[in-house]
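Both counts, for ligands and for their atoms, begin at 1 and track the order of listing.
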Amino acid sequence: MGDDNKAQGGPNTANGGGGGSGDRKRKPNPNNRRGRGRGNGPAKRQERDNTNNNNGNSGNNGSMEVDKPLSNSRNNGNSNGNNGNGGRGGQNNRNRNNRGRNNNRNRNNNNRNNNNNNIKKEVEPKAEAMDESNEPNVASAAAPTGNSGLHITDKRFADLEQVCDESRRAMAEVFKYELMTEVQAKTLPVILDSTRKIDVLAKAKTGTGKTLGFLIPAIEKIVQSIKTSRSDKNDIGCLVISPTRELAYQIGTEAEKLVTFHTRPKLSVATCVGGTNVNKDRSTIKRGFLSILVATPGRLLDHLQNSELNLQNRLAKMDCLVLDEADQLLDMGFRPDIERILRLLKPSEGSRQTLLFSATVPKSVAEIAHIALQPKYEFIDTVGEEEEQTHSHVKQEVMVAHSSNQSGGMGEAQIRAIAAILDRELKTGTKGAPCKVIAFFTTARMTGFMAEIFNSVMGKTGFPKILEIHSRMSQSVRQRTSEKFRASKENTILFSSDVSARGMDYPGVTFVLQIGLTERAQYIHRLGRTARAGKGGCGALLLAPYEEKFMVNKNLADMPLESVDVPELNNRLDDAMTQALNGVNDNKSLKESAEQAYRAWLGYYNGQLKKVGWNKIALVKEANQWASDVGLKSQPALLKKTVGKMGLKGVPGLKLE
Ligand SMILES: Nc1ncnc2c1ncn2[C@@H]1O[C@H](COP(=O)(O)OP(=O)(O)OP(=O)(O)O)[C@@H](O)[C@H]1O
């Protein structure tokens, strides 16, 4: 925590029962007070960090929370205006006085920052390749800016002889795409080659059209199977497995579009994901004719194990098995489920092709092949060994939020920094065009808390109501939020956990903000939510000082990160955020959210100790400081069982329930 003053042991000890954090005198300056130059040494390719965030942290989900059963469905947002002003006479005056002091600090810091402009703008060598025309900070950001991002080729769908007229018609009339992207041009001929029937592992950058890369041939294979009577109407021709529910729905929708003209026989699509009515799923599957099944691993396993559904037999003659976002599916979080699914699927009756699509592929492709592919498979890499995996044209900033020298901690500094960054984006991000922002947080609970605290002062910040999406919400609310964000054509901000990190194709996302530690692959996937399909986009990573070393110097050392200062927070927003923080303890729902976020925070960082250089004692101290920073007057308690599971038994500073 750098120069934080953390003499206080935690919310209890720090604030007693008195004014404590409720009287928020401090205003940490969100500005990065250090203009830093970063080494411009040769960009070394970093191995992906495969550390799994699911460290048995007692349900405090990290990035692998994607397909959890739901609990605690909570209404998002909170506009009850309970902003903590009641009974706090005099606080505003104190705040105003403080603001004067802070503004001076801000101004001084700005001077320092201006003086440091020359070094703080240093960028990694790869940024040299940035395509200025694709940056989002132009009025046309939301409009296509050429095809450099999408990697369009001169190959036409209409010329694909192996593809039936119905699919080609859908490409022209429903999708209105004439030319193939690189991944499509490279994979389609190989997968469609009926003389080879070869399994394929395809690697292509995010947002470059992988979905159609597997759906077009999958449908073709189903059509051929029906034509040659290899399969009967009970057989399911294609199974697509997706790591997240939202992505599964998205794939299902694309598939439905693609089968628009497949009427004789009619091809049908079903999407089965966790968190929805399982009986409804069952009756859809039982109903009979089904060409394509898109599913998340957990729900699929359920159905496969249910003998009544006869799903194993119906998939036995499947023509095509697709694992989308394959590296995530084969990563530790999902691997056991996938292995079980593969075992339950009857051995291929000769003609099944398995397709693995991903934007990031671990070096150990042999391992992947061993699990899912036939020994003779083709690896189609449209990224290339040396080429940067992330879009080279996406501007990527890294900012470090510093807490004030007085008593404020990182929790507060981070919230103010997020406000400042969002404000900058809404005001200048797209110069008049609508701003569509996704901010990614480390855990579901943190996502929920952050959305709630920002929405508690919505009228004051001037931000639109923050949308939230994470695994702790009911699937129907997730679905509605996802659709709302997708359809929005005005300034919109979505706070998300990693459920939106991969594959989600929200049109026109102009800015992706990532907060805190994340895995390298996840960083790339999250960033890939912007600058899709040839459009502009921009990303920023907001770190705490203790996260900087690992993330910037190690994990993302070869990324074209540009180190910049956290923007200055204007007085109005500064006041709004103070009010929000002051309101946490007195607002039941917000308080509960903060407490849950605290527990999730502990769980998450408990799995990252080496990366931040803490031992367990330091972890607990930092967590308690975080709780105090965000306005909790008493330290949240933990179940004894949870403490045990986290391996924190006996660590001083924890409060047991
Ligand atoms: N040939 C094409 N021409 C124009 N647009 C296309 C073409 N193919 C796909 N697209 C569009 O590009 C966008 C990105 O496609 P898609 O979601 O399949 O990318 P992806 O590579 O799967 O991304 P991710 O790695 O994030 O999963 C979508 O909106 C899709 O409809």
Of all the atoms in ligand 1, which lie at a distance below 4.0 Å from a heavy atom belonging to K205? 21 (O)
Show the atoms of ligand 1 that are less than 4.0 angstrom away from any heavy atom in G207. 14 (C), 19 (O), 20 (P), 21 (O), 23 (O), 24 (P), 25 (O), 26 (O)
State whether R196 and E378 are salt-bridged, where the test is any N-O pair (Lys NZ or Arg NE/NH1/NH2 against Asp/Glu carboxylate O) under 4.0 Å. yes
Need the ligand 1 atom indices (1-based, order shown) with element for anything under 4.0 Å from a heavy-atom of L179. 1 (N), 2 (C), 3 (N)
G528-ligand 1 polar pair, N/O distance under 3.5 Å: no
Using the rule side chain to side chain donor-acceptor pair (under 3.5 Å), only one of R299, Q475, R245 pairs with T276; which is it? R299
In terms of its nearest heavy atom to atom 29 (O) of ligand 1, the top option of T181, L212, T211, D505 is D505
For ligand 1, is there an N or O atom under 3.5 Å from any N or O atom of A359? no
Backbone N or O of P507 within a donor-acceptor pair of the R532 side chain at under 3.5 Å? no
N/O of Y177 under 3.5 Å from N/O of ligand 1, yes or no? yes
Contact check: F157 vs ligand 1, nitrogen or oxygen atoms, below 3.5 angstrom: no
Provide the number and element of each atom of ligand 1 under 4.0 Å from a heavy atom of R529. 26 (O)
For I152, which part has a heavy atom under 4.0 Å from ligand 1: side chain, backbone, both, or neither? side chain
Which of the numbered atoms in ligand 1 are under 4.0 angstrom from any heavy atom belonging to T208? 19 (O), 20 (P), 21 (O)
Examine distances only and state if a side-chain atom of E490 and a backbone atom of P434 form a donor-acceptor pair shorter than 3.5 Å. no
Look at atom 8 (N) of ligand 1 and find which of Q184, R156, R532 reaches it with the closest heavy atom. Q184
Give the intermediate values and the outcome of salt bridge (charged side-chain N to carboxylate O under 4.0 Å, His left out) for residues E547 and K611. CA-CA 7 Å; E547 296 166 327; K611 294 175 189 169; over 6 Å; no
Counting heavy atoms only, name the option from E178, K210, E325 that's nearest to atom 27 (O) of ligand 1. E325
Pair K221-Q224, side-chain donor/acceptor within less than 3.5 Å: no
For the residue pair K436 and F485, would you count it as a cation-pi contact if the rule is NZ or CZ under 6.0 angstrom from the ring centre and within 45 degrees of the ring axis? yes
Are the charged groups of R424 and E397 less than 4.0 angstrom apart, N to O? yes
Six-ring centre of F261, R169 cation under 6.0 angstrom, axis tolerance 45°: yes
